[in-house]
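Here the structure is laid out as structure tokens; the discussion comes afterwards.
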Amino acid sequence: MAVKLYIDAIREAMQEEMRQNPNVFVLGEDVGLRGGVFRVTQGMIEEFGPERVLDTPLAESAIVGVAIGAAAYGMCPIAEIQFADFIMPAVNQIISEAAKLRYRTQGDWHCPLVIRAPYGGGVHGALYHSQSVEALFYHVPGLKIVTPATAADAKGLLRAALRDPDPVLFFEHKGMYRAIRDDVPEGDYTVPIGKARVVREGDDLTVITYGLMVHHALTAAGQLAADGISTHLIDLRSILPLDRETIVEAARRTGKVLIVHEDNKTGGIGAEVSAIIAEEALFDLDAPIARLCGPDVPAMPFSAPLEAFYMLNPTKIEDAMRKLAAF
Amino acid sequence: MAVKLYIDAIREAMQEEMRQNPNVFVLGEDVGLRGGVFRVTQGMIEEFGPERVLDTPLAESAIVGVAIGAAAYGMCPIAEIQFADFIMPAVNQIISEAAKLRYRTQGDWHCPLVIRAPYGGGVHGALYHSQSVEALFYHVPGLKIVTPATAADAKGLLRAALRDPDPVLFFEHKGMYRAIRDDVPEGDYTVPIGKARVVREGDDLTVITYGLMVHHALTAAGQLAADGISTHLIDLRSILPLDRETIVEAARRTGKVLIVHEDNKTGGIGAEVSAIIAEEALFDLDAPIARLCGPDVPAMPFSAPLEAFYMLNPTKIEDAMRKLAAF
Amino acid sequence: MAKLDLVKPNNGSQEEATPRHRALGLRDEDVRAMYRTMVLTRLLDERMWLLNRAGKIPFVVSCKGQEGSQIGAAFALDPTRDYVAPYYRDFGVVLHFGMSARDIMLSAYAKAEDPNSGGRQMPGHFSSRAHHILSGSSPVSTQIPHAVGMALAARMRGEKLVTYTSFGEGSSNQGDFHEAANFAGVHKLPVIFFCENNLYAISIPQDRQLGCAHVADRAIGYGMPGVLVDGNDVLAVYEAVSQAVLRGLNGDGPTLIEAVSYRINPHSSDDDDRSYRTREEVEEAKRNDALEVFRAELIGCGVWTEDDEVALREELRSVVDEATEYAQKAPLAEPESTLDHVYAK
Amino acid sequence: MAKLDLVKPNNGSQEEATPRHRALGLRDEDVRAMYRTMVLTRLLDERMWLLNRAGKIPFVVSCKGQEGSQIGAAFALDPTRDYVAPYYRDFGVVLHFGMSARDIMLSAYAKAEDPNSGGRQMPGHFSSRAHHILSGSSPVSTQIPHAVGMALAARMRGEKLVTYTSFGEGSSNQGDFHEAANFAGVHKLPVIFFCENNLYAISIPQDRQLGCAHVADRAIGYGMPGVLVDGNDVLAVYEAVSQAVLRGLNGDGPTLIEAVSYRINPHSSDDDDRSYRTREEVEEAKRNDALEVFRAELIGCGVWTEDDEVALREELRSVVDEATEYAQKAPLAEPESTLDHVYAK
Ligand SMILES: Cc1ncc(C[n+]2csc(CCOP(=O)(O)OP(=O)(O)O)c2C)c(N)n1
Ligand SMILES: Cc1ncc(C[n+]2csc(CCOP(=O)(O)OP(=O)(O)O)c2C)c(N)n1
Ligand SMILES: [Mg+2]
Ligand SMILES: [Mg+2]
């Protein structure tokens with residue numbers, strides 16, 4: 001085990017898979033000499049050359065569409081979308097094509113594609129460099145969606161994604177690239193897609209979240225623990241499929257559930273998590289299912305006070321947790 | 001009042017608004033001489049000419065993008081997407097542009113745009129002419145989404161949409177065009193966006209649904225009534241914003257809620273409806289919140305038995321209602 | 001309709017003595033095989049249209065009038081080497097690539113055994129890994145970047161081939177065409193972009209669809225040659241595509257070919273074309289029908305006879321009969337199979 | 001980098017005695033005004049870059065090196081008649097359309113009073129209904145169809161004007177460019193598609209971005225003229241855009257203009273360009289800086305002097321100082337205002 005940055009864990013997963021599997025390659029805008037605008041692919045063109053670390057023209061639908069064709073042919077492309085906000089032009093290729101290729105051919109063709117995209121706010125990215133886009137895709141059967149919160153999970157989930165025979169959207173929170181570091185196991189491990197992680201166990205209330213908010217919730221849970229309130233904290237890790245079992249079990253265990261996400265509330269991941277609980281564990285609940293999310297505005301503003309108003313933080317989460325615990 | 005077909009009500013709303021308001025015009029593929037592939041715009045080019053019933057090149061992102069520019073300039077375009085499935089190439093324009101224009105300019109610019117699209121299945125449309133796409137957009141603040149179930153609502157909601165200063169997605173179920181007819185009020189009425197309709201009142205259980213399923217649920221409610229089970233039936237009409245008040249009131253009234261939609265389940269509109277109830281009326285519930293939806297598969301197949309398996313119908317709804325009533 | 005100014009590629013020797021096909025390196029049996037596939041395509045098309053009109057199959061999309069483009073293109077490719085991402089009218093192409101009449105009919109009847117999709121997709125949504133046909137969907141032009149991706153993948157693996165993708169002139173206005181063509185142009189990938197310009201996109205004639213005179217005019221914008229060819233001249237198409245194949249195999253990059261013909265039937269079995277074009281125009285187009293033109297040429301140069309024609313028609317009619325009967329009797333998929341193949345097991 | 005073969009439009013009389021600008025119908029005060037806006041653009045740009053490096057403002061995107069293209073284009077338009085949908089580097093264009101230095105600085109500091117967005121958007125995301133500037137977003141090329149839509153709307157209302165939209169050469173590969181250009185081509189709309197080719201899209205040089213030699217080569221694919229012009233020659237750009245304006249007003253449809261210059265600064269304040277281009281290349285480009293070239297030309301023909309220069313710099317420096325100070329002191333928006341303007345009240 002060695003402590004590694006989130007961003008380095010992602011790069012390592014790509015590098016190690018590319019060393020082992022000649023079918024894996026990266027394509028995207030500025031992934032080559034520039035090493036990506038966040039430096040996620042830094043150094044990779046030097047090791048693997050410009051064919052396997054392929055700078056593409058500025059056209060997301062082509063990046064994904066070309067990657068789908070290459071995946072169908074037998075490669076395992078990693079398509080990097082420079083910012084998750086810019087995945088929108090590729091939605092047709094992702095939803096109409098990648099998600100449906102296996103289904104419409106009864107498995108004769110399939111699409112082992114990974115799409116990586118940095119998402120999330122709190123970094124002065126303004127309306128179009130801060131969005132969370134996972135809710136756009138979690139309604140789409142045929143896709144898988146993961147969003148790791150730790151370096152260890154990032155590496156293990158990216159490896160799993162690269163070995164998955166179906167398309168996986170890999171969303172990396174740009175605010176965590178260089179802010180999160182943790183113990184990353186040595187060797188060839190994977191983290192299974194579809195399994196949530198119990199971050200800490202507790203009995204008074206459950207917090208279910210993912211991405212950057214896992215860390216904020218953990219901080220908040222620490223504050224509550226000081227007052228003897230014990231939090232059961234779930235990091236979903238996979239958004240599609242959701243780990244129903246872990247969700248339901250956690251709801252049953254504490255009877256109180258707070259769902260937290262940075263993304264805006266209406267129609268977000270929290271809606272489905274809540275609906276699963278209301279479907280399967282309703283009579284175990286001691287409080288209404290609470291959601292604490294970004295406000296329902298089109299996106300996060302540039303202006304610092306507005307961005308701060310939009311973003312959740314440990315204090316806001318702590319407040320919501322205390323309110324729920326006291327219910 | 002006169003009984004009118006759903007499709008005719010939609011056409012009439014467009015024609016009447018176009019007669020009154022020179023800013024309203026239609027653009028899309030084959031809307032002119034052909035009158036649209038479903039004949040929704042039939043006869044309109046003859047009345048309004050080819051500038052106001054504008055045939056466009058085959059390019060959805062341009063249809064919506066050009067309409068956005070025209071709307072910003074002061075027109076009220078109706079952009080027809082030939083099938084809702086083909087809205088995907090326009091997602092970037094809808095989500096990045098139409099939904100955010102007002103917000104990002106603090107109202108200095110805005111976008112009075114209506115996008116009409118026929119959606120839904122059960123018509124041998126196969127994977128790409130049957131989809132429900134509303135869940136793709138209901139997470140997007142800045143948009144409004146309506147999906148009328150009756151001719152009267154279709155006309156009133158389309159008028160309201162055309163007078164709304166913000167972008168409205170108007171989804172019309174293609175299976176209802178010529179199958180649904182009902183009393184349409186005379187004169188210049190609108191149906192407010194954001195208000196659900198209580199289709200029938202009842203006390204034993206609540207069914208919340210929209211679109212074609214309203215009719216199937218009504219049939220099912222009739223069957224249950226014969227056995228003395230009384231159903232409270234809500235037609236959401238608007239998907240964004242949802243009518244929280246009517247939803248919560250209905251849940252409180254019966255304590256049992258079944259949410260029904262044709263669209264697949266995970267992350268669908270039912271998730272948010274359920275989450276709203278679990279948030280606001282949890283302790284009024286006598287049963288878990290149930291959802292009856294399309295299966296989580298990428299889309300509805302062409303093959304008749306598979307399509308029938310996918311689609312909900314009165315019998316499937318009735319079964320779910322009886323199960324819930326008996327809970 | 002814009003007046004077309006067709007630039008035919010080199011037509012080979014003009015001497016009466018040397019038939020055009022020999023100048024192109026085609027043997028007599030090659031052109032007979034081409035003609036055979038053309039007729040099979042036509043007979044299948046006509047049969048499906050009839051079955052639809054008789055209420056036996058719910059939907060059909062027709063390639064009638066485009067067989068010259070399709071057969072000319074397909075025979076310039078190597079089905080064991082190359083890959084295709086065809087569009088929904090490319091019956092002629094997929095038949096040459098190995099689809100059988102039975103496969104086509106199984107798809108028309110949406111039966112479980114349909115190799116394209118097991119009846120999940122509408123007819124015209126071709127797919128077969130065994131036959132190097134990449135599955136297509138309904139939203140137009142999405143297949144174009146896929147062909148580029150296959151070419152990229154093949155090059156990365158050191159495999160020499162070309163990929164072919166087709167689309168209508170209307171569909172050449174989608175962003176995906178532009179993005180894919182530019183990608184192929186930058187990376188000099190062996191892709192053949194084959195536009196079947198049939199003058200209409202449903203009801204929209206090309207002058208309200210295309211800002212330009214010819215789709216081929218777009219090629220320079222991607223740094224590739226643009227070739228305009230008469231789609232009713234199967235040998236001219238063959239020649240244009242053969243040259244593009246050579247370019248691709250030589251590492252000289254992609255080619256955009258526009259083959260102009262006419263869509264003789266309505267857009268699909270759900271369309272009624274009377275609102276947007278005259279009967280005279282359709283009748284006029286039928287007079288240029290590639291099938292008739294090609295037969296006349298083959299007869300003219302002595303590689304085909306009226307007797308051959310009778311025998312071929314008889315043989316293929318029974319192929320189509322057998323396929324229809326088989327497909328009609330074949331079982332439908334099980335309802336619960338709706339849930340299968342969302343993800344790998 | 002592809003070798004550029006610049007086709008300059010008519011340069012007016014070549015006689016020494018007649019300065020080029022007069023041949024173009026520009027008065028001396030016009031070119032002085034053009035130069036003034038160019039210098040203001042440059043000084044604002046340099047100030048913002050400094051402020052960013054000093055940690056005072058979080059982000060800046062620079063137009064340094066593209067002022068010739070922008071000013072040449074903007075002055076050919078009529079800000080009271082025409083509408084623009086500019087891209088993020090078009091500081092020169094929006095200054096001519098009525099944005100003030102203060103407005104630019106309010107945006108840089110993301111203050112409540114910023115007329116573009118009240119500080120909601122990053123700098124470079126211009127907007128002002130009063131000044132006929134349609135709001136832009138960050139995803140590239142989405143503004144291109146908007147300009148087409150404005151032109152369509154104006155024509156429907158019988159209003160004579162042109163719309164202008166700009167984008168980088170990289171962004172000309174997005175589907176939205178293609179779809180919008182074709183739409184304008186089919187409907188002969190008065191749109192000026194202005195590509196500011198600065199040879200890079202972040203780190204990608206144009207030969208790995210464009211399959212073609214010139215973005216202007218794409219014009220024929222939409223049935224419009226394509227004009228390649230030296231973006232460092234402000235009068236050449238002015239002439240090309242003026243001709244496009246005439247075409248538009250005459251009902252002759254759209255024009256695609258490619259103005260080639262260079263992006264002197266890194267892509268944005270977050271970029272470091274040393275990994276992808278040499279310092280020599282950047283230094284070389286600075287020698288063609290439009291600002292220097294234009295000043296030399298104005299001095300050469302006697303409409304500008306070194307004294308004018310000193311006075312102008314002094315004046316504009318104080319304009320920029322004042323704007324900076326004002327913006328720095330201006331209040332930020334209230335946190336709760338995050339919730340405003342999602343829908344109309
Ligand atoms: C993205 C998308 N938009 C609309 C449609 C509906 N549609 C199907 S075919 C067609 C016309 C296609 O015309 P063209 O590309 O010329 O091909 P043709 O049918 O003439 O062969 C349209 C509009 C579609 N399938 N996909
Ligand atoms: C759809 C989209 N993808 C990616 C980006 C990130 N991005 C911003 S500017 C840029 C390069 C643009 O290059 P070009 O069009 O040449 O304009 P320039 O910046 O050189 O003026 C990229 C990739 C974006 N803003 N939008
Ligand atoms: Mg066509
Ligand atoms: Mg550039």
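In the text below, chain A, chain B and the rest are named by the order of the sequence lines, each starting its count at 1. Side-chain atoms are counted along with the backbone in the values below, which use heavy atoms only and exclude waters and symmetry mates.
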Self-check item: Over 12 non-hydrogen atoms of neighbours within 6.0 angstrom of CZ in R274(C)
Solution: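 Result for CZ/R274(C): open.
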Side-chain heavy-atom pair [X], [Y] within 4.5 angstrom cut-off:
X       : Y       : value
L210(C) : R218(C) : yes
F194(D) : S69(D)  : yes
V282(C) : R263(C) : no

#### Entry: Residues in residues 145-160 of chain C that sit under 4.5 Å from chain D, counting heavy atoms only
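Near chain D, by residue number: none.
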Proximity of residues 177-185 of chain C to chain D, residues having a non-hydrogen atom under 4.5 angstrom: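 Under the 4.5 Å heavy-atom cut-off, F177(C), H178(C), E179(C), N182(C), G185(C) qualify.
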To the closest 0.5 Å, what do you measure between CD1 (I204(D)) and CG (L199(D))?
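Output value for this atom pair is 13.5 Å.
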Task: Separation of N173(C) CG from F167(C) CZ (nearest 0.5 Å) - done: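 With rounding to 0.5 Å, CZ (F167(C)) is 10.5 Å from CG (N173(C)).
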Would you sort out whether M224(C) and T255(C) count as a side chain to side chain contact (heavy atoms under 4.5 Å, CB included), showing the intermediate values? CA-CA 5 Å; M224(C) 62 179 86; T255(C) 305; 5.6 Å; no
Decide yes or no on side chain to side chain contact (heavy atoms under 4.5 Å, CB included) for Q70(D) and E196(D), but give the supporting numbers first. CA-CA 8 Å; Q70(D) 295 174 7; E196(D) 298 183 28; 3.1 Å; yes
**Message:** Less than 3.5 Å apart, any donor N or O on the side chain of E284(D) or Y262(D) sitting next to an acceptor on the other?
**Reply:**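 Per modelled atom types, E284(D) and Y262(D) side chains form no pair under 3.5 Å.
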Exactly one of V94(C), V93(C), N116(C), D90(C) should register a side chain to side chain contact (heavy atoms under 4.5 Å, CB included) with I133(C). Which one does?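 By the side chain to side chain contact (heavy atoms under 4.5 Å, CB included) criterion, I133(C) pairs with just one of V94(C), V93(C), N116(C), D90(C): V94(C).
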At a heavy-atom separation under 4.5 Å, does Q174(C) approach chain D through its side chain, its backbone, both, or neither?
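Both the backbone and the side chain of Q174(C) come within 4.5 Å of chain D.
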What residue, out of G175(D), C212(D), G226(D), has the most heavy-atom pairs lying under 4.5 Å from chain C?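 Going by pairs under 4.5 Å, I would pick C212(D).
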